[in-house]
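Here is the naming used below: chain letters follow the sequence lines, and residue numbers restart at 1 for every chain. Values below: every heavy atom of this structure, side chains too, minus hydrogens, waters and symmetry copies.
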Amino acid sequence: MENEVRVRIAPSPTGEPHVGTAYIALFNRAFAKSHNGKFILRIEDTDQTRYTENSEKAIFESLRWLGLDWDEGPDIGGPYAPYRQSERTEIYRKYAQELLDKGLAYKCFCTKEELAEMRTRQEKEKRPAVGYFASDSPCRNLTPEQIKEKEEQGIPYVIRLKVPDDDPDALITFFDHTRKKEISRKYSEIDDQVLLKADGFPTYHLANVVDDHLMGITHVMRGEEWIVSTPKHILLYKAFGWKVPEFYHLSLLRNPDKNKSKISKRKNPVSLRWFRAAGYTPEALLNFLALMGYSRNTEGKTKEEISAMDIFTMDELDKEFDPARISTSGPAFDYEKLDSINNTYTERMSIDEFVKYQSERTAYLMKYLGVLAEEVKTRFRRFDKEVNSITDFFFRMKMNYNSKEFKKAKISFEEAGKVLKAVKKVFKDNATKLNTPEEFRECLANIVEKNGFDNRGLHMTVRVAVAGVGESLPLYESLALLGVYRCITRFDEAISALEKFAKEETK
RNA sequence: GGCCCCGUCGUCUAGCGGUUAGGACAUUACCCUUUCACGGUAGAGAUCAUGGGUUCGAAUCCCAUCGGGGUCACCA
């Protein structure tokens with residue numbers, strides 16, 4: 001199978017499984033299926049500092065839930081195992097050594113401080129580009145004796161690629177199949193990339209190129225954020241004397257705000273677990289995601305036919321998939337449209353399917369809620385009262401507050417506004433440190449103490465801001481599950497609502 | 001800031017030298033309905049970012065400008 005199409009998705013297990021991963025996976029898989037090829041899952045866990053325990057499991061689980069199953073991967077094996085980069089470090093070391101032997105890479109002993117110094121110097125000189133370039137590299141031309149001496153002193157080092165500097169104006173060019181054009185960068189714009197870190201782990205660039213080659217990847221479909229580093233990868237393929245795969249860069253999903261920045265958890269829910277718990281069906285999410293980056297061929301179709309073409313299954317996509325129809329502009333993630341698509345899928349279900357999906361979803365919701373699941377039970381007075389009404393606030397995009405609820409805090413609207421502004425600031429400043437319920441508890445307690453706020457008033461105000469109502473699930477656990485960024489978003493909405501309520505009252 | 005990418009209704013998009021610029025979501029009105037939702041019908045909504053070319057003719061080709069995004073880590 002020399003000409004077999006082989007594509008891959010290579011997520012990094014750092015935190016929640018990202019909707020962007022599913023987006024890229026979907027197109028890779030459709031491409032493989034349409035060519036009778038293979039779709040591979042590879043885990044890129046070379047950053048020990050960002051690795052989180054359950055993240056890999058969550059990626060498997062979420063992708064499987066969506067039906068985006070893979071032909072080879074860390075959990076099912078395959079002819080090119082292992083598929084987890086942390087288990088392949090020997091391989092990367094070997095290839096880094098090969099480059100060293102060929103004189104195409106070198107050991108760099110610079111410290112973090114020296115690197116920082118170099119950076120500030122370059123910025124001061126107003127250089128067009130900042131980085132570890134040949135002309136700036138103190139380590140590039142170290143003699144074998146100097147290297148030996150430093151090694152004997154036990155100075156830690158990294159291995160850097162020696163970017164050719166004989167013709168700085170020469171171009172490195174590749175063809176981007178999504179944009180259908182060549183993209184180039186000058187050699188002079190590329191600095192000596194780190195290949196192997198001081199801890200012996202490879203960087204993305206090395207591991208990715210080595211694995212793609214070893215695993216026989218023929219087509220690389222990945223996010224647009226990689227477009228500028230593709231030339232670096234080309235350089236690596238050349239250094240090894242390997243065949244370069246074909247590249248497709250997909251535009252990034254964007255936040256639906258005016259600026260349309262790359263979609264982020266700071267502004268919107270992006271976790272696949274969230275979408276699942278919120279009650280979206282896999283078919284609907286996939287259909288929606290496909291719509292964001294792909295358009296079907298409408299040639300020769302009637303208006304009526306076209307109007308029904310937005311709804312399609314992955315099987316249909318796999319059959320007709322044409323990579324030339326992937327779009328290049330960054331689509332804003334329209335949660336309302338997702339809802340609408342979800343609706344058309346649920347209304348098409350049989351009653352049996354509907355019931356089955358409802359119970360599957362409820363089961364997952366309880367899992368998602370974690371410690372809060374117990375609390376849901378205690379507030380669940382009757383079975384005809386839905387669990388959803390108690391947990392709904394985790395999935396709302398807009399709160400549309402009612403002034404009556406804020407009155408339960410027994411402090412004025414102005415005071416409540418002040419409280420929320422203070423809490424918001426603290427949350428923002430300590431965003432990365434607020435994860436567990438306990439951390440939220442301490443945080444709020446500190447705010448009460450420092451500002452002399454009414455304890456009950458603050459807690460009720462925060463509760464209403466976050467849940468929309470005065471009676472809801474335990475606060476600290478709710479804040480933790482919601483996540484600090486979505487809390488902040490709600491505070492923003494609550495603060496302006498409170499201002500409005502205050503004005504109306506004085507009228 | 002340097003470099004790279006992108007630019008059609010509010011949003012996702014069709015279009016690839018000659019179209020009344022089409023569809024979907026959202027939105028408006030009406031119909032259906034004892035309510036809501038679904039469904040149906042009709043409508044509004046895009047001087048195709050702007051300005052120059054090329055051409056008999058440009059959303060479609062070229063250039064410039066502007067706007068947005070990405071990237072400049074021992075993160076991926």
Looking at every strand, decide which applies to Lys262(A) at a 4.0 Å heavy-atom threshold: base, sugar-phosphate, or nothing.
-> sugar-phosphate

Looking at every strand, decide which applies to Val158(A) at a 4.0 Å heavy-atom threshold: base, sugar-phosphate, or nothing.
-> base

Expressed in whole Å, how much space separates the P atoms belonging to rU55(B) and rC62(B)?
-> 16 Å

Given that Phe333(A) and Gln85(A) both sit by RNA chain B, which one's nearest nucleotide is further toward the 5' end?
-> Phe333(A)

Would you please confirm or rule out a distance under 4.0 Å between OP1 or OP2 of rG70(B) and any side-chain N or O of Ser261(A)?
-> no

Pairing nucleotide - rA49(B), Watson-Crick or G-U, each distance under 3.5 Å | rU65(B)

Which part of the nucleic acid, if any, lies within contact of Arg222(A), taking any heavy atom under 4.0 Å across all strands shown: a base, the sugar-phosphate backbone alone, or nothing?
-> nothing

Which one is paired to rG1(B), where only Watson-Crick or G-U wobble pairs with both distances under 3.5 angstrom count?
-> rC72(B)

When you check the phosphate oxygens OP1 and OP2 of rG7(B), does a side-chain N or O of Arg179(A) lie under 4.0 Å from one of them?
-> no

Nearest nucleotide by nearest heavy atom, which residue falls closer to the 5' end of RNA chain B, Asn297(A) or Glu336(A)?
-> Asn297(A)

Inter-nucleotide P distance (rA64(B), rU71(B)), Å rounded = 25 Å

How is Pro202(A) classified with respect to the nucleic acid when contacts are heavy atoms under 4.0 Å: base, sugar-phosphate, or nothing?
-> sugar-phosphate

Could you work out which one of rA76(B), rC3(B), rG23(B) sits closest to the side chain of Ser307(A)?
-> rG23(B)

Are the aromatic ring centres of Tyr80(A) and His213(A) under 6.0 angstrom apart?
-> no

With ring centroids as reference points, do Phe395(A) and Phe393(A) lie under 6.0 angstrom apart?
-> no

Rounded C1' spacing from rG22(B) to rG45(B) in Å | 14 Å

Select base, sugar-phosphate, or nothing to describe what Ser327(A) touches, counting heavy atoms under 4.0 Å on all strands.
-> sugar-phosphate

Phosphate OP1/OP2 of rG69(B) contacted by Lys260(A) side-chain N/O (<4.0 Å) | no

Using distance alone, with no hydrogens and no angle criterion, decide if Asp211(A) and Tyr83(A) have a side-chain donor and acceptor under 3.5 Å apart.
-> no

Opposite nucleotide pairing with rC9(B), Watson-Crick or G-U, both atom distances under 3.5 Å = none

C1' atom, rG18(B) versus rU60(B): distance in rounded Å?
-> 11 Å

Could you tell me whether Lys180(A) contacts a base, only the sugar-phosphate backbone, or nothing, with contacts defined as non-hydrogen atoms closer than 4.0 Å?
-> nothing

Rounding to the closest angstrom, what is the interatomic distance between rU50(B) and rA59(B) at atom P?
-> 11 Å

Kindly point out which of rC75(B), rC38(B), rG68(B) is positioned nearest to the side chain of Arg50(A)?
-> rC75(B)

With ring centroids as reference points, do Phe175(A) and Phe247(A) lie under 6.0 angstrom apart?
-> no

Reckon Ser184(A) touches a base, only the sugar-phosphate, or nothing at all at heavy-atom distances under 4.0 Å?
-> sugar-phosphate

Nearest of rU11(B), rG23(B), rU13(B) to any side-chain atom of Asp334(A)?
-> rU11(B)

Taking the six-membered ring for Trp, are Phe31(A) and Tyr248(A) ring centroids under 6.0 Å apart?
-> yes

Ser340(A) side chain, from C-beta outward: closest of rC5(B), rA14(B), rC25(B) | rC25(B)

Quick check, are the ring centers of Trp65(A) and Tyr280(A) under 6.0 angstrom apart?
-> no

Taking atom C1' in both rU19(B) and rC5(B), compute the distance separating them and give it to the nearest angstrom.
-> 30 Å

Proximity to the side chain of Leu252(A) - top-ranked nucleotide from rG70(B), rA26(B), rA24(B) = rG70(B)

Could you please name the partner base of rU41(B), counting Watson-Crick and G-U wobble pairs only when both distances are under 3.5 Å?
-> rA29(B)

Looking for any heavy atom pair under 4.0 Å, which part of the strands does Ala198(A) touch: base, sugar-phosphate only, or nothing?
-> base

Whole-angstrom distance between rU54(B) and rC12(B), as gauged at atom P = 34 Å

Candidate nucleotides rC4(B), rA14(B), rG70(B), ranked by approach to the side chain of Ser295(A) - the nearest | rA14(B)

Indicate the ring-plane relationship of Phe333(A) and Phe275(A), choosing parallel, tilted or perpendicular according to the 30° and 60° boundaries.
-> tilted

At under 4.0 Å between heavy atoms, what does Ser251(A) touch on the DNA or RNA strands: base, sugar-phosphate, or nothing?
-> nothing

Under the side chain to side chain donor-acceptor pair (under 3.5 Å) rule, collect the residues that match up with Arg93(A), sequence neighbours excluded.
-> Glu90(A)

OP1 or OP2 of rU71(B) under 4.0 Å from side-chain N/O of Ser229(A) = no

Given rU13(B), rC5(B), rC74(B), which nucleotide is nearest the side-chain atoms of Pro331(A)?
-> rU13(B)

Distance, rounded to the nearest Å, where Phe288(A) contributes CZ and rU11(B) contributes P = 14 Å

Atom NZ of Lys181(A) to atom P of rG7(B): distance rounded to whole Å?
-> 9 Å

Strand partner of rU55(B), provided both Watson-Crick or wobble distances fall under 3.5 Å | none

Quick one: label Gly131(A) by what it contacts on the DNA or RNA (base, sugar-phosphate, nothing), any heavy atom closer than 4.0 Å.
-> nothing

When only distance counts, do a donor and an acceptor, one from the side chain of Lys337(A) and one from the base of rA26(B), lie under 3.5 Å apart?
-> no

Arg296(A) near the nucleic acid: base, sugar-phosphate alone, or nothing, with a heavy-atom cut-off under 4.0 Å?
-> nothing

So does Arg348(A) pair up with Glu353(A), basic N to acidic O under 4.0 Å?
-> no

Could you work out the separation of rC9(B) and rG51(B) based on their P atoms and round it to a whole Å?
-> 16 Å

From rA76(B), rG70(B), rG22(B), nucleotide with atom closest to Ser12(A) side chain | rA76(B)

Listed nucleotide nearest any side-chain atom of Asn259(A), set rG10(B), rG69(B), rC4(B) | rG69(B)

